[in-house]
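Everything on this sheet refers to the single structure shown next.
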Amino acid sequence: MRNKVSLYFFDRFKQNEAQIHELRYLFWECTQRCNLNCLHCGSDCVSDSSYKDMPFSDFLSAILPLKNVYKPDSINVIITGGEPLLRKDIGACGMALRENGFRWGIVTNGYAYNETIHKKLLASGMGSVTVSLDGLEENHNWLRGNNNSFSKAVRALELISSSNRLNYDVVTCVNNRNIYQLNELKEFLIRKNIKAWRLFTIAPIGRAQHNGDMVLGTEQLNFLMDFIAKSREEKNIDVKFSCEAYVGAYEKKVRPDYFFCRAGIHIASVLIDGSISACPNINRNYTQGNIYKDDFLKIWNQKFQIMRERSWTKKGICNSCKDYKHCNGGAMHLWDEKQENILYCIHHQITKA
Amino acid sequence: MKRKILRKIFGTLSFTGMLFVFQACYGAPQDMYRDIYIEGVVKSNKTSLPLSGIKVSVSNNQTSILTDEDGKFKIYTLPAPELLLKFEDIDEAQNGMFQSKDTLVKPNNKAVFITIGMDAK
Ligand code: SF4
Ligand code: SF4
């Protein structure tokens, strides 16, 4: 009964938030250059991108007007890529963001993260980090396409977890090669004193659909949900499923809160070419404007309707879904430009059994 | 205004403690902690000229940075009633050699501004 009541009010909360649409989380795709070549890369990054790194001053001048409307320290700028640490000016960018009141963090593969960079970024006001670790050594190196990537990511984690200042987590892309190793990986992370661990999966779309190792089937997805739910009960490490999908009966068991795709509601991005969108993994046809010709704040205030009013998602399998009122058409990143049907539904995949 | 009141009502009744603690799939967690800002300049006691390349560290060396060509430095760090700042000349004889120095600061608000003089070795 309590669950039904809380879910009802959370649904109302989501609708209300879509109306308020307060920006709280802003991605900056500062580079598309990368020092690894991962099988599951979530961005369009390439080791030698045709896009030049965005000059920091372009990004800063686009977002400064936010200070007229928001308390800047209520906004977290998440610097992403590519690999943000390939930019030599990353500390200076962070310092300027913090001096302007914004909070900031990075998403890194950890390969270039060393003690000098760690101290410099901390001094520049960095408050959060996510490091990717996709299994124990063999599997991580396989997925990252580099034999040193595991040891370097672990070195990064040791530095990061030694800081009381940082809010951090490890993120793992769960696939068919590492899924039955998750317990071992969990023990490893606990031994390394890691406090938070987030797991995500790969949808069978794009190049992933042709890679049988990457995409989980029904049995594996259920295993994953049970693993997370059990680990959360044990409380030895804060394990959670990423925001990627509504998961029916597992809601609130695999995350501290219910599913809420906040793209365009609390989340925006400035992408490498200046495009203004929400999460960087959303189809680039959903771009709402460009900082090189539009006013970012105006776009945030006046556009993004497609993400804030989602009744258009009631089509295809979502149309007949009995959980639609809680899920609201799933993740924005799983809709393509045709908008005919969600590309993949984890909830349906889980309940197939 | 009305929507912000509704936010409180719906948030409370949903029994969800962390309504705004979230992160996107490919994003990092949010920074929720407090920090303080320390800014200063390092000079030679003898010549009063600014000293570049001096390593400034706080919080038991958890955070450190080098002074720039004007002897200036800026550091964000965790707040504490007292902070021990260490100043070390790590570039040896490049602009003279200076004795290391420790300074205790008591930040009473979110920013501290200091000037440090260092003695030659
Ligand atoms: S678009 Fe995807 S990654 Fe972004 S908030 Fe929605 S579910 Fe999460
Ligand atoms: S079918 Fe659509 S509405 Fe239903 S759970 Fe899947 S994504 Fe959500």
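- Per-residue counts of heavy-atom pairs under 4.5 Å with chain B were compared for A:Asp11, A:Val171, A:Val129; the largest is that of A:Val129.
- There is no contact between A:Phe260 and chain B, counting heavy-atom distances below 4.5 Å.
- Atom CZ of B:Arg3 has more than 12 heavy atoms from other residues, nucleotides or ligands within 6.0 Å.
- With hydrogens and angles left out, the side-chain atoms of B:Asp119 and B:Gln99 include no donor and acceptor closer than 3.5 Å.
- Scored by the ring-ring contact (aromatic ring centres under 6.0 Å, His included) test, B:Tyr76 finds B:Tyr37 as partners (sequence neighbours excluded).
- Side-chain rings of A:Phe27 and A:Tyr25 approach one another, their centers coming within less than 6.0 Å.
- With a 4.5 Å cut-off on non-hydrogen atoms, A:Asn76 touches chain B through its side chain but not through its backbone.
- Counting heavy-atom pairs closer than 4.5 Å to chain B, the top residue among A:Arg255, A:His333, A:Glu244, A:Met95 is A:Met95.
- No side-chain heavy atom of A:Leu271 sits less than 4.5 Å from a side-chain heavy atom of A:Trp28.
- In this structure, no portion of A:Lys14 lies under 4.5 Å from any heavy atom of chain B.
- Just one residue in the list B:Asp31, B:Thr77, B:Thr63 forms a side chain to side chain contact (heavy atoms under 4.5 Å, CB included) with A:Arg165, and that residue is B:Asp31.
- Remark: the A:Glu83 side chain and the A:Thr31 side chain contain no N/O donor-acceptor pair separated by less than 3.5 Å.
- A salt bridge is defined here as a Lys NZ or Arg NE, NH1 or NH2 lying under 4.0 Å from an Asp or Glu carboxylate O, and A:Asp169 with A:Lys195 fails to meet this definition.
- Within residues 111-118 of chain B, no residue approaches chain A closer than 4.5 Å by heavy atoms.
- Aromatic ring centroids of A:His326 and A:Tyr258 lie 6.0 Å or more apart.
- Residues from residues 39-51 of chain B never place a non-hydrogen atom less than 4.5 Å from a non-hydrogen atom of chain A.
- Looking at heavy atoms from C-beta onward, A:His21 lies out of side-chain contact with A:His266 at the 4.5 angstrom threshold.
- Looking at B:Lys4 and A:Glu22, a side-chain N of the basic residue comes within less than 4.0 Å of a carboxylate O on the acidic one, giving a salt bridge.
- Ranked by heavy-atom pairs under 4.5 Å with chain B, the first of A:Ile79, A:Thr108, A:Leu122 is A:Leu122.
- For residues 70-80 of chain B, the salt bridge (charged side-chain N to carboxylate O under 4.0 Å, His left out) pairs, not counting sequence neighbours, are A:Glu99-B:Lys74.
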Exercise. Checking side chain to side chain contact (heavy atoms under 4.5 Å, CB included) for the pair A:Arg262/B:Phe22: CA distance, chi angles, key distance, verdict?
Worked result: CA-CA 9 Å; A:Arg262 300 176 192 246; B:Phe22 66 89; 3.5 Å; yes
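- Of the atoms belonging to A:Ile106, it is backbone heavy atoms, and not side-chain ones, that fall under 4.5 Å from chain B.
- For A:Leu121, no part lies under 4.5 angstrom from a heavy atom of chain B.
- Interface check for chain B: of the options A:Val131, A:Asn16, A:Thr130, A:Leu159, the most heavy-atom pairs under 4.5 Å are formed by A:Asn16.
- Only the side chain of A:Arg198 comes within contact range of chain B, judged by heavy atoms closer than 4.5 Å.
- Surrounding NZ of A:Lys120 are at most 12 heavy atoms belonging to other residues, nucleotides or ligands under 6.0 Å away.
- Between chain A and the residues B:Ile9, B:Asp35, B:Thr12, the most heavy-atom pairs under 4.5 angstrom are made by B:Asp35.
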